[in-house]
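Notes for the one structure printed next.
Whatever order the structure lists ligands and atoms in, that order sets their numbers, starting from 1. These figures come from a predicted structure and were not determined experimentally.
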Amino acid sequence: MGNSGNPIFDLFVIGGGINGVGIANDAAGRGLKVGLCDKGDLGGATSSASSKLIHGGLRYLEHFDFRLVKEALAEREVMLKKAPHIATPMRFCLPHRPQLRPAWLIRTGLFIYDHLSRRTTLPSCKMVDFSQVSPLNPAFKKGFEYSDVWIDDARLVVLNAMQLKQLGGDVRTYTEVLDASRREGHWHIHWRDLKSGAEETVRSRVLVNAAGPWVQQVLESTVGIAGQKTVCLVKGSHIVVPAMHNERRAFILQCDDGRIVFVLPYLNEFSLVGTTDVEFSGDPSEASCSSEEVNYLCGIVNRHFNRQISPNDVIWSYSGVRSLCQDDAKAPQAITRDYAIEMNDQDGKAPLVSIFGGKLTTYRKLGEAVVDELASYFPGTGPCWTKTSVLPGGEGVLSPATYTSELLKEYPWLTKEQALRYSSSYGSLAHCFLTKASSFSDLGEHFGAGLTSKEVDYLIESEWACSVEDILWRRSKLGLGNVEVQSLGRYLESRLPVL
Ligand SMILES: Cc1cc2nc3c(=O)[nH]c(=O)nc-3n(C[C@H](O)[C@H](O)[C@H](O)COP(=O)(O)OP(=O)(O)OC[C@H]3O[C@@H](n4cnc5c(N)ncnc54)[C@H](O)[C@@H]3O)c2cc1C
């Protein structure tokens, strides 16, 4: 272990979830020398376990969280332009249950939702009458429709990390920060590479604790500083079931306990149903969907849809844990989802920035706020640049559908299904592994579900993929397809040291 030859970072981030990569990326683009590490895969924790929405959060209006909703609403149009390959507009249908919320209240909420921030492409809200062909229980006659945005959460993390690397950032996965301390005006950060076991200490002027649900643990155990905030961990789970309907729109269902549950179209064949809100204690990496949560989600779906589901229909489930700042709210769903930034320095040097809460939707604004706050430590750094910069692969993409046609023109031997998967995962990055191929067999070994060794090589070389899970559940969602997992595992072993 040693640090003599290592460069000194301006800013080092613990945590490669969306908040960590967002802050690191913003800082690198403003000219700072940035390092980031994650003890697992990029986006391996909460940031790949979300509902995958860039949304204002209609229900936060009920908690008068206007600042958060306004900032979040504006990010919908920003993200459609920044990440046009992995983000798509989505209409949401809210079946009306007058006994829970009167129509005037919902109309008022949607009016505010439509007008709190500028919309340029997303259509406004409207009332809808359900026809006889509606997938909903005939008891639902009327409802409301409004717009938000769907995004591939895990890929949003990776694309930010790729942009960070392009800007000179040092990104390390499966690398855990064991301890960090202040000495002579710098942070000394001691990490272990979990693949090789090698340990190293690096120095940085600023340390950012973006450890998500581990934020308190990193503060208290890794850094040894008592935080000012009280963190509450809340688990949310989703289930994946065969498609509840064949409409393109999503449904937002009101539950009797005041919560809401989304039923989102997912990967053409499925519906993604979530989420729950359960107070959590223990190791966040072990969070999983309980049978009570499955029953709760099936129950609310069955109350609304004609087609009935049971726990036997659940094909896959996942859970994520939020670190929320405890406020006066009594119920987990009422605690604010807004982010909080805690700063602490020593005689004006070696600041520590800790991030609490936040949403996928507001990661870019959080990055901007953090780097703006650090401006006094780095005089001369430029303004935030991330609003208009397109993420890797988004250049020249209008939408996944239009880019699918372009890929099919250039590679006519691709099936439409493959071209659509490539365009909505990689956008123009798909050329990195397609460009020299003139037939499907040129893409190398086929592991099933269209996954080939050329794509896997690209993911290893350019997107930090190290394991079967990284590839099947985060870089793609091919874990739900028919992939020969053992052949893929053998191939990875031949290319990489075993984790
Ligand atoms: C069920 C659910 C649904 C959600 N849905 C939405 C949604 O639809 N839209 C939305 O905007 N937001 C949503 N959110 C919120 C959003 O997912 C989170 O706010 C966001 O992902 C938090 O990102 P993060 O980077 O702070 O944390 P994480 O993604 O958890 O990242 C923290 C990282 O820190 C790493 N780490 C921890 N300790 C160390 C260490 N010592 N050394 C190195 N690395 C370390 C971890 O491995 C982890 O990868 C949802 C959250 C949940 C739980």
Side-chain angles (χ1 to χ4, degrees), residues 12-24 35-57 60 68 71-73 75-76 79 90 148-151 153-154 156-157 160-161 172-180 189-194 207-219 221-223 231 233-239 250 261-262 264 272 274-278 280 283-285 287 289 293 317-324 332-333 337-340 354-367 474:
F12 190 89
V13 181
I14 304 177
I18 192 60
N19 288 332
V21 293
I23 295 164
L36 173 143
C37 76
D38 197 290
K39 64 180 176 175
D41 185 22
L42 293 166
T46 320
S47 297
S48 57
S50 80
S51 304
K52 306 171 202 315
L53 301 177
I54 300 294
H55 62 158
Y60 309 141
L68 171 64
E71 184 171 283
L73 283 170
E75 286 304 289
R76 299 176 306 176
M79 292 312 298
M90 190 170 272
D148 268 327
V149 169
W150 188 91
I151 198 157
D153 52 3
L156 181 65
V157 177
N160 269 280
R172 287 161 197 254
T173 60
Y174 295 97
T175 301
E176 180 170 13
V177 173
L178 301 177
D179 55 79
I189 302 145
H190 169 204
W191 74 48
R192 180 185 293 143
D193 179 333
L194 300 177
L207 181 64
V208 177
N209 169 7
W214 292 270
V215 62
Q216 191 110 329
Q217 184 183 317
V218 165
L219 260 176
S221 308
T222 314
V223 180
V231 175
L233 297 182
V234 177
K235 176 178 75 154
S237 299
H238 290 83
I239 55 173
V261 162
F262 295 112
L264 304 157
L272 177 63
T275 173
T276 50
D277 270 313
V278 184
F280 182 82
D283 180 355
S285 60
C289 184
E293 290 176 284
S317 66
Y318 62 82
S319 302
V321 178
R322 308 171 195 257
S323 68
L324 301 177
Q333 70 263 27
R337 266 52 175 163
D338 210 349
Y339 53 77
S354 298
I355 310 303
F356 300 84
K359 286 160 57 85
L360 198 69
T361 306
T362 47
Y363 86 93
R364 196 192 65 78
K365 292 300 289 178
L366 168 69
R474 289 179 287 276

Pull out every atom of ligand 1 sitting under 4.0 Å from any heavy atom of Ala45, numbered as shown with elements. 30 (O), 48 (C), 49 (O)
Is there at least one pair of N or O atoms, one from [X] and one from ligand 1, spaced under 3.5 Å apart?
{"X": "Ile14", "result": "no"}
{"X": "Ser237", "result": "no"}
{"X": "Glu176", "result": "no"}

of all protein heavy atoms, closest to atom 49 (O) of ligand 1 is Asp38 OD2, 2.6 Å
Looking only at protein heavy atoms, identify the closest one to atom 5 (N) of ligand 1 and say how far it is in Å. Ser51 N, 2.9 Å
Within the structure, is a non-hydrogen atom of [X] found at a distance of less than 4.0 Å from ligand 1?
{"X": "Ile355", "result": "no"}
{"X": "Gln217", "result": "no"}
{"X": "Thr362", "result": "no"}

What residues form a side chain to side chain contact (heavy atoms under 4.5 Å, CB included) with Arg192, not counting sequence neighbours? Leu178, Leu194, Glu199
Given Ala49, Ser47, Gly274, Ser50, which one has a non-hydrogen atom that is nearest to atom 6 (C) of ligand 1? Ser50
Is the distance between the ring centroids of Phe262 and Trp150 under 6.0 Å? no
Trp214: partners by ring-ring contact (aromatic ring centres under 6.0 Å, His included), with sequence neighbours left out: none
Under the side chain to side chain contact (heavy atoms under 4.5 Å, CB included) criterion, do Thr275 and His238 qualify, and how do the steps go? CA-CA 5 Å; Thr275 173; His238 290 83; 3.8 Å; yes
For a quick test of reading the model, state the closest non-hydrogen atom pair linking Thr361 to His55 and the distance between them. OG1-N, 3.2 Å
